[in-house]
Amino acid sequence: MPTEQHQTSNMGKIIFYEDRNFAGRHYECSSDCADFSSYFSRCNSCRVESGCFMIYERANYMGHQYFMSRGEYPDYQRWMGMSDSIRSCRMIPSYRGSYRMRIYERENFGGQMYEMMDDCDSFMDRYRMSDCQSCHVMDGHWLMYEQPHYRGRMMYMRPGEYRSFRDMGYSNMRWMSMRRIMDSC
């Protein structure tokens, strides 16, 4: 079977396989890839040889996303619980430094604001904040989760301003916990 490759960096490497247990056609990736659906129609397993990645259900980094660290994932549906539709991935760069993020209760940086420098397993328990609708990531890379204690669907946050999670396609989601992506990938 042919091997497709997309490599620009030695910082990370993920291999997607068409079938379960690392069988069928595969696609190797070492950087961001906005749409790899032209390489195969489905993905049922993957292997992260180095680095950390976010994988996305749809092209252009849209839809459900999942954090992947070094390891083997022989059956996509068993560990993801979603369809076999993986269409894009983003490499999470190695980062060593301080972490800082401001979370806001409302869109466009409105309502209550809290500055975070470490993991938070429950916005409600720590801040009495029942919703987070915007944020500003100043330093580091973070994962936000829809449920307390780092459970449920997740969203990758890299440095930048996020004025409206609703405008990003997360209109019916509440973000309830977050953690730093540490350099242990």
Side-chain angles (χ1 to χ4, degrees), residues 6-14 29-35 48 50-71 80 86-185:
H6 180 71
Q7 293 180 308
T8 60
S9 161
N10 291 328
M11 292 177 58
K13 181 178 178 183
I14 187 169
C29 191
S30 294
S31 64
D32 294 357
C33 182
D35 187 1
V48 179
S50 58
C52 295
F53 291 83
M54 288 305 290
I55 60 171
Y56 298 83
E57 180 182 41
R58 298 190 339 238
N60 299 312
Y61 320 110
M62 302 295 288
H64 292 290
Q65 46 188 294
Y66 196 81
F67 176 74
M68 308 291 295
S69 59
R70 182 187 302 240
M80 286 287 285
I86 297 175
R87 298 289 183 247
S88 56
C89 71
R90 189 179 300 276
M91 187 182 77
I92 300 171
S94 180
Y95 177 78
R96 294 176 196 254
S98 62
Y99 287 78
R100 199 169 64 136
M101 172 192 280
R102 289 187 181 140
I103 59 171
Y104 298 85
E105 181 182 34
R106 293 190 176 76
E107 293 180 340
N108 295 310
F109 314 124
Q112 296 180 66
M113 181 278 291
Y114 296 98
E115 187 164 302
M116 302 177 61
M117 299 172 84
D118 61 351
D119 300 350
C120 178
D121 67 353
S122 173
F123 296 156
M124 181 58 94
D125 290 350
R126 185 183 289 184
Y127 302 118
R128 299 291 174 238
M129 186 172 163
S130 62
D131 201 2
C132 174
Q133 295 183 10
S134 59
C135 74
H136 180 193
V137 178
M138 282 85 77
D139 297 304
H141 298 260
W142 301 74
L143 288 176
M144 291 187 85
Y145 295 83
E146 72 173 332
Q147 297 174 17
H149 310 289
Y150 320 116
R151 293 190 327 252
R153 289 185 286 178
M154 60 185 72
M155 178 171 53
Y156 168 50
M157 312 298 291
R158 57 190 183 171
E161 293 184 347
Y162 301 86
R163 295 185 166 276
S164 172
F165 297 147
R166 181 178 48 85
D167 290 348
M168 293 169 59
Y170 298 104
S171 59
N172 295 325
M173 291 190 65
R174 298 176 81 177
W175 302 101
M176 305 302 288
S177 59
M178 66 185 350
R179 70 168 30 145
R180 299 163 293 166
I181 300 174
M182 305 299 280
D183 193 45
S184 59
C185 299

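- For His136, the ring pair (Phe, Tyr, Trp, His ring centres under 6.0 Å) test picks out no residue, with sequence neighbours left out.
- Between Tyr99 and Tyr95, the ring planes lie perpendicular to each other; the angle is over 60°, past the 30° to 60° tilted range.
- At least one donor-acceptor pair under 3.5 Å links the side chain of Tyr114 to the backbone N or O of Tyr127.
- Judged as a side chain to side chain donor-acceptor pair (under 3.5 Å), and not counting sequence neighbours, the contacts of Arg166 are Glu107.
- Residues Tyr104 and Met113 share a closest heavy-atom pair of CE2-CG, 3.1 Å.
- Looking at every heavy atom in both residues, Phe165 comes nearest to Met144 through CZ-SD, 3.9 Å.
- With rounding to the nearest 0.5 Å, the separation of SG in Cys120 from NE2 in His149 is 10.0 Å.
- Between His141 and Tyr156, the shortest heavy-atom distance links the atoms ND1-OH, 2.7 Å.
- Residues satisfying the salt bridge (charged side-chain N to carboxylate O under 4.0 Å, His left out) criterion with Arg106, sequence neighbours excluded, are absent altogether.
- In terms of modelled atom types and a separation under 3.5 Å, the side chain of Asp119 and the main chain of Arg180 share a donor-acceptor contact.
- Closest non-hydrogen pair, Cys89 versus Cys29, comes out as SG-SG, 3.6 Å.
- Note that CG of Leu143 is 10.5 Å distant from OH of Tyr150, once rounded to the nearest 0.5 Å.
- Residues Arg87 and Asp35 are not paired through a salt bridge, judged by the lack of any N-O separation under 4.0 Å between the basic side chain and the carboxylate.
- Residue Ile86 holds its CD1 atom at 12.5 Å from NE2 of His64, rounded to the nearest 0.5 Å.
- A search for salt bridge (charged side-chain N to carboxylate O under 4.0 Å, His left out) contacts involving Arg163 returns Glu161, not counting sequence neighbours.
- Two residues are said to be in side-chain contact when any heavy atoms from C-beta on lie closer than 4.5 Å; Arg70 and Ser50 meet this criterion.
- Annotation: the span from Ser98 atom OG to Asp118 atom CG amounts to 12.5 Å, rounded to 0.5 Å.
- Judged by distance alone, with hydrogens and angles left aside, the side-chain atoms of Ser177 form no donor-acceptor pair with the main-chain N or O of Ser122 at under 3.5 Å.
- Here the side chains of Trp175 and Ile103 are not in contact, with every heavy-atom distance at 4.5 Å or above.
- Between the Ser134 side chain and the Ser164 main chain, no donor and acceptor come within less than 3.5 Å of each other.
- Legend: residues meeting ring pair (Phe, Tyr, Trp, His ring centres under 6.0 Å) with Phe53, ordered by chain and number and at least two apart, are absent.
- Residues Tyr162 and Met101 have side chains not in contact (no heavy-atom distance under 4.5 Å, counting atoms from C-beta outward).
- With rounding to the nearest 0.5 angstrom, the CE atom of Met62 is 8.5 Å from the CE atom of Met168.
- Residues meeting the side chain to side chain donor-acceptor pair (under 3.5 Å) test with Tyr170, sequence neighbours left out: Gln65.
- Residues satisfying the salt bridge (charged side-chain N to carboxylate O under 4.0 Å, His left out) criterion with Arg179, sequence neighbours excluded, are absent altogether.
- Considering all non-hydrogen atoms of both residues, Gly152 and Tyr145 come closest at O-CD2, 4.1 Å.
- Atom OH of residue Tyr61 and atom CZ of residue Arg90 lie 5.0 Å apart, to the nearest 0.5 angstrom.
- Annotation for Glu105 and Met129: closest pair N-CE, 3.3 Å, computed over non-hydrogen atoms.
- Residues forming a side chain to side chain contact (heavy atoms under 4.5 Å, CB included) with Asn172 (at least two apart in sequence, or on another chain): none.
- Under the side chain to side chain donor-acceptor pair (under 3.5 Å) criterion, Glu146 pairs with no residue at all, not counting sequence neighbours.
- With sequence neighbours left out, the side chain to side chain contact (heavy atoms under 4.5 Å, CB included) criterion links Arg100 to Arg102, Glu115, Met117, Met138, Asp139.
- Taking the side chain as every heavy atom from C-beta outward, Tyr66 and Met154 approach each other to under 4.5 Å.
- Residues satisfying the side chain to side chain contact (heavy atoms under 4.5 Å, CB included) criterion with Met176, sequence neighbours excluded, are Pro148, Arg174.
- In this structure, Arg158 has no side chain to side chain donor-acceptor pair (under 3.5 Å) partners at least two apart in sequence or on a different chain.
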